[in-house]
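Note sheet for the following structure.
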Amino acid sequence: PLPSYDEVLVCTPDTEEEEVELLVRRALSPASQDQKIYCLLGADKLVYKVSKQLESHFFRLVQSSSTPNYRFIIFCNAKAHNSYVITAFDAYKVTFPCYSKTEIQTYLKMHLQVPSGTAPVAQAFKEPHQQNVKFVFSERAGMGK
């Protein structure tokens with residue numbers, strides 16, 4: 001399954017150290033064995049201080065963790081060459097091919113279909129394709145999304 005809200009942190013320059021540390025702790029805790037996939041999206045946008053703390057927390061917890069099979073993914077823009085996160089985790093770097101927006105949409109429509117006979121939240125959207133995933137963005141937090 002796709003990661004749920006508690007498994008994903010979308011990073012901005014305003015992302016705080018505590019948010020990053022919490023996600024790293026979740027990913028490397030013994031409870032993470034329940035097949036969750038923890039993700040930092042846009043980690044290249046983290047400020048230097050938070051990036052350094054991410055590195056510190058991650059490597060400290062990896063060394064002290066008894067969880068050998070954690071699932072932790074850091075997504076960065078490949079063009080963000082001045083990012084500390086990219087440098088710090090360079091040994092773990094994996095480059096993915098670039099797909100067009102159309103290819104990504106086609107893949108998602110094919111793989112994220114709502115099973116028939118269910119009453120998903122996706123019915124709130126007036127679209128012919130009933131999908132499991134919708135992204136709703138707002139400038140204001142906590143507006144009932």
Give, for atom [atom1] of [X] and atom [atom2] of [Y], the distance between the pair rounded to the nearest 0.5 Å.
X     : Y     : atom1 : atom2 : value
Leu41 : Phe75 : CG    : CZ    : 6.0 Å
Arg60 : Leu28 : CZ    : CG    : 10.0 Å
His81 : Lys79 : NE2   : NZ    : 8.5 Å
Lys49 : Leu54 : NZ    : CG    : 14.0 Å
Tyr70 : Ile37 : OH    : CD1   : 14.5 Å
Cys76 : Leu40 : SG    : CG    : 8.5 Å

Whichever hydrophobic residues join Tyr84 through chains of side-chain contacts under 4.5 Å
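Result for Tyr84 is Tyr48.
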
Would Asp6 and Arg26 count as a side-chain contact (heavy atoms from CB on, under 4.5 Å) here? Give the steps.
CA-CA 9 Å; Asp6 65 327; Arg26 285 182 192 152; 4.0 Å; yes

Which atom pairs, donor and acceptor, lie under 3.5 Å between side-chain atoms of residues 8-17 and protein residues at least two apart or in another chain?
| unit_1 | atom_1 | unit_2 | atom_2 | d |
| --- | --- | --- | --- | --- |
| Thr12 | OG1 | Asp14 | N | 3.1 |
| Thr12 | OG1 | Thr15 | N | 3.4 |
| Thr15 | OG1 | Thr12 | N | 2.8 |
| Thr15 | OG1 | Thr12 | O | 3.1 |
| Glu17 | OE2 | His57 | NE2 | 3.3 |

Are side-chain heavy atoms of Asn77 and Asp44 found at a separation under 4.5 Å?
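In contact.
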
Indicate yes or no: at least one non-hydrogen side-chain atom of Asn82 is less than 4.5 angstrom from one of Thr87.
no

Should we say atom CZ of Phe59 is surrounded by more than 12 heavy atoms from elsewhere, each under 6.0 Å from it?
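Yes - once you tally the heavy atoms of other residues, nucleotides and ligands closer than 6.0 Å, there are more than 12.
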
Cluster link Val50 to Ile86, ILVMFWY, side chain under 4.5 Å:
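Each belongs to a different hydrophobic cluster.
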
ring-ring contact (aromatic ring centres under 6.0 Å, His included) between Phe72 and Phe58: does it pass, once the steps are laid out?
CA-CA 10 Å; Phe72 184 60; Phe58 177 80; 5.7 Å; yes

Ignoring hydrogens and geometry, is there a side-chain-to-backbone donor-acceptor pair from Thr106 to Thr102 under 3.5 Å?
yes

Would you say the side-chain atoms of Ser83 pair up with the backbone N or O of Ala80, donor to acceptor, closer than 3.5 Å?
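Not at all, since once roles are kept as given, no pair shorter than 3.5 Å links the two residues.
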
